Trainee: 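To start, I am sharing the structure in question, which I have written as structure tokens.
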Amino acid sequence: MSAIIAIIASSGIIGINHVSYTLTELTIHSVLAIGITTGGFFLDLFLLRGTPTNKISKVIHVAAFSSSLWLVTILLGLLANSIFGKNSDIVTYCLGGMFIASGLRYGIFVSVFGSRMLRSILIAFVVPVVFFTNILLYSYSFILQEHLSALIIGSTIFTIGVVWSILADRAGYPNLKSTFSVLQAFLSAWTENKQEKMEEIFESRSSVYEIRTRMMKFEREGDKQVFVVLPDIHPGPFNPIGGSNLPQLLFNFFENNAIVLHSISDHSKNLPTTAEVNKYLDSLKNSVLKNSGNECTLPLITKSNDFTITCIGFKTSVLMIISKDSGMEDLPYSIIERIEEWAKDLGFSDIMIADAHNALGNKISYAEETALTDLALDSLNKLQGKQYYAYEIGYSNSLTLGFRIIELGGAGIGVLNLRINNENHLIGWSDSNNLVNGLRIRVLRELNNAGINMLEICSSDTHSSSGKRTRQGYYALGNVTNDKDIIKAFSEISSKAMSKTASSSFSYLDSYSQIKLMGRDQFDNYAAALNKSMNITKVSLTITVIFYITMLVVS
């Protein structure tokens, strides 16, 4: 499509300039224009060889944009002639359009392709100059001195582009040597699934931390073990970099019988490379047994106006799931210390605090954080005196039932059933990046109306589905698949989990890993560089537009 646009725009430029010529002359120039445009694709590809993101499709996109901008400049120039009663030579606007097209080409070559500045300047002019020569081939009256205003203003606009490239590339200095190098690495990862350069940048700025992974292992009579996993790591940063598909990898590590919950963590706890992911997975083999038994409490659900907390006690260990009906961003790590300290005072040595991550929203305020913490403490107080019962465990996953939902990562949908005191209590889980708002409530309502006691729906917050052209940049569960199909999937998987329920015992395990994480400073540096670069770009574009309009009016 871009190639067709480039050829049509080029033909339009020739048609406007040679409208008074004979059909033969017009045909000759049109054929030459198409030849120059098509040959220009491959000439640019050759001249840009060795640059990080050089590819024929990208070269053609650039040609389409620059040719279209050139054509628009000529048309606006003719419109300016009509509005202001001028009689400027069309060649004047062709000359100005050449500089505009070359400036656009330069900006893309230096920022996206990664060509050096001087090289980009030279390459930016090659095809436009050859094309402009085709326009002038029979225009014997062309005298450069008569078009000085277009020449000066066009050169000024191009110079603004060069200054912009220098300032924007250094926007992150000294924390980032080159903003454009990060952009190029990102585009390679996003458009071509080549993560090496992006991971190299991320790893160079990452630091080693000690990370804890909490696990509940349920051993069933005559069936596979089932794991509830809570890694103190955040999935991300984006597909296919680092630990973006960490939930699926953990799911596979535990033989496809696990739900991987979202911990109280944010993007500062991303694994930067696949090598660190593998190192982390290998470290899980050295987990330590902290608690075991075969009894648990009935689920305790505590609600406020905003939050729902679900707790289940396993002797001295607690599974706590936090949900916000209206949705929220990643919970702040600051809530953990107070809750864990209170839990220990009540005799609970270990607590798994999971962020259900099941609706889209903003970060909670300090007042909400305080209210949530108080609600969690109240839940632990009530849990302390609860009776313990022997229980049974059931588990099922969508991968064995043939459901195909586009928003899901590779671990699908899972349901864990705890049959306590002859009552089923289920926890639903999806390997997705959140849920669309309202879906959790609809799923819980429909399942409970059908007699399925679903306690909560959680997501893994996988980033394996990132890089989509949506407002969030990813597909949340329910963005593509309709509610009825999702509810049907949870219903059938729940029924399967209940039918496979058997007596069980639990083991609470801890694992500590020494691995590199991206850290908060790295994201702050990228954000600062991006904001500064965008401000520079806005100012440069504003100045460019002013000169562009001036060229159309005075030339």
Side-chain angles (χ1 to χ4, degrees), residues 207-221 223-235 243 246-265 269-271 275-297 311-321 333 335-355 376 380 383-384 388 390-391 393 395 411 414 416 418 427 429 458 460 503-517:
S207 302
V208 175
Y209 294 85
E210 183 175 71
I211 289 300
R212 183 180 181 184
T213 302
R214 301 164 175 85
M215 295 165 279
M216 293 282 290
K217 178 176 70 173
F218 297 100
E219 298 183 75
R220 298 179 291 172
E221 295 179 358
D223 210 337
K224 284 185 176 181
Q225 299 171 341
V226 179
F227 289 83
V228 176
V229 187
L230 187 72
D232 196 15
I233 299 173
H234 191 278
L246 182 66
Q248 178 190 350
L249 296 175
L250 285 166
F251 175 78
N252 296 150
F253 182 86
F254 291 107
E255 298 183 355
N256 296 0
N257 275 271
I259 59 174
V260 183
L261 298 173
H262 185 285
S263 62
I264 310 300
S265 60
K269 292 193 172 184
N270 287 343
L271 294 169
E276 289 299 313
V277 172
N278 293 331
K279 182 179 176 182
Y280 166 68
L281 293 173
D282 190 58
S283 71
L284 295 180
K285 298 174 183 177
N286 301 317
S287 57
V288 177
L289 176 66
K290 299 287 292 294
N291 184 18
S292 61
N294 58 6
E295 292 183 330
C296 70
T297 67
C311 288
I312 304 176
F314 296 87
K315 288 182 64 176
T316 60
S317 302
V318 177
L319 172 62
M320 175 183 288
I321 301 174
Y333 195 77
I335 71 170
I336 288 182
E337 290 184 359
R338 189 178 172 202
I339 295 175
E340 287 187 338
E341 182 180 351
W342 190 259
K344 288 180 180 179
D345 290 343
L346 293 175
F348 300 114
S349 58
D350 300 288
I351 182 168
M352 298 174 68
I353 309 173
D355 175 359
L380 291 173
L383 188 68
Q384 187 187 31
Y388 282 79
Y391 64 90
I393 284 289
Y395 176 82
L416 177 71
L418 290 93
I427 298 172
W429 174 79
C458 307
S460 67
S503 296
S504 171
S505 62
F506 76 88
S507 299
Y508 176 89
L509 307 169
D510 255 348
S511 175
Y512 290 89
S513 313
Q514 300 288 331
I515 52 174
K516 283 187 176 181
L517 298 179

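What you are looking at is a predicted structure, and each value in this text was computed from that prediction instead of being measured.
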Trainee: Nearest 0.5 angstrom please: Q225 CD to K217 NZ, how far?
Mentor: 4.5 Å
Trainee: Do S349 and N291 have side chains that get closer than 4.5 Å, going by heavy atoms?
Mentor: no
Trainee: Just by distance, do the side chain of K315 and the backbone of S292 share a donor-acceptor pair under 3.5 Å?
Mentor: yes
Trainee: How many angstroms lie between atom CZ of F254 and atom CD1 of I259, to the nearest 0.5 angstrom?
Mentor: 12.0 Å
Trainee: Please confirm whether the backbone N or O of F348 pairs with a side-chain atom of T316, one donor and one acceptor, at under 3.5 Å?
Mentor: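 The answer is no, because no donor-acceptor pair under 3.5 Å joins these two groups.
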Trainee: Start with the C-alpha gap between Y508 and M352, add the side-chain angles, then the distance that decides, and say whether side-chain contact (heavy atoms from CB on, under 4.5 Å) holds.
Mentor: CA-CA 10 Å; Y508 176 89; M352 298 174 68; 3.7 Å; yes
Trainee: Search all heavy atoms of G293 against all heavy atoms of Y391 and return the closest pair with its distance.
Mentor: O-OH, 4.2 Å
Trainee: Could you check whether atom CD of E337 has more than 12 heavy atoms from other residues, nucleotides or ligands sitting under 6.0 Å from it?
Mentor: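 No, the 6.0 Å shell around CD holds no more than 12 heavy atoms from other groups.
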Trainee: Examine the side chains of T213 and S511 and answer whether a donor and an acceptor come within less than 3.5 Å of each other.
Mentor: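 There is no such pair (donor and acceptor under 3.5 Å, judged by atom type) between the side chains of T213 and S511.
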Trainee: Identify the two heavy atoms, one from E210 and one from Q514, that lie closest to each other, and give their separation to 0.1 Å.
Mentor: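 Heavy atoms of E210 and Q514 come nearest at OE2-NE2, 3.1 Å.
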Trainee: Quick one, L416 and M216 - any side-chain contact, counting heavy atoms below 4.5 Å?
Mentor: no
Trainee: Give a yes or no on whether the backbone of W342 and the side-chain of R338 come within a donor-acceptor separation of less than 3.5 Å.
Mentor: no
Trainee: What is the distance from atom CZ of R214 to atom OG of S287, rounded to the nearest 0.5 Å?
Mentor: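 One gets 14.0 Å once the value is rounded to the nearest 0.5 Å.
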Trainee: Side-chain contact test, heavy atoms from C-beta onward, threshold under 4.5 Å: evaluate it for L418 versus I393 and give yes or no.
Mentor: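 Sidechains of I393 and L418: in contact.
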Trainee: What are the two closest non-hydrogen atoms of S507 and E219, and how far apart are they?
Mentor: OG-OE2, 4.0 Å
Trainee: Kindly say whether A258 contributes a backbone atom to a donor-acceptor pair with the side chain of Y395 at under 3.5 angstrom?
Mentor: yes
Trainee: Give, for atom CE of M320 and atom CD1 of I351, the distance between the pair rounded to the nearest 0.5 Å.
Mentor: 4.0 Å
Trainee: Say you draw a straight line from CG of N270 to CG of L517; how long is it, rounded to the nearest 0.5 Å?
Mentor: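 It is 8.0 Å, given to the nearest 0.5 Å.
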Trainee: Could you state the interatomic distance from CG (L271) to NZ (K279), rounded to the nearest 0.5 Å?
Mentor: 10.5 Å
Trainee: I want to check something: taking the side chain as every heavy atom from C-beta on, are V260 and L246 in contact at a cut-off of under 4.5 Å?
Mentor: no
Trainee: Might you work through the side-chain contact (heavy atoms from CB on, under 4.5 Å) test for N256 and F251, ending with a clear yes or no?
Mentor: CA-CA 5 Å; N256 296 0; F251 175 78; 3.5 Å; yes
Trainee: If every non-hydrogen atom of M215 is compared with every non-hydrogen atom of D510, which pair is closest and at what distance?
Mentor: CE-C, 4.4 Å
Trainee: Using a 6.0 Å cut-off, check whether atom CD of E255 has over 12 heavy atoms from anything other than its own residue.
Mentor: no
Trainee: Would you name the heavy atoms of D355 and S263 that are closest together and state the gap between them?
Mentor: CB-O, 4.0 Å
Trainee: When you compare the side chain of L319 with that of I427, does any pair of heavy atoms fall below 4.5 Å?
Mentor: yes
Trainee: Quick check: do L383 and L346 have side-chain heavy atoms less than 4.5 Å from each other?
Mentor: no
Trainee: Report yes if the distance between the aromatic ring centroids of Y280 and F253 is under 6.0 Å, otherwise no.
Mentor: no
Trainee: For residues L284 and V229, determine if any side-chain heavy atom of one lies less than 4.5 Å from a side-chain heavy atom of the other.
Mentor: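 Side chain of L284 against side chain of V229, heavy atoms only: no contact under 4.5 Å found.
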Trainee: Measuring only between side-chain heavy atoms, which start at C-beta, is I515 closer than 4.5 Å to I233?
Mentor: yes
Trainee: Could you report the tightest heavy-atom contact between D232 and S265, atom names first, then the distance?
Mentor: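 In this case the closest contact between D232 and S265 is OD1-CB, 4.4 Å.
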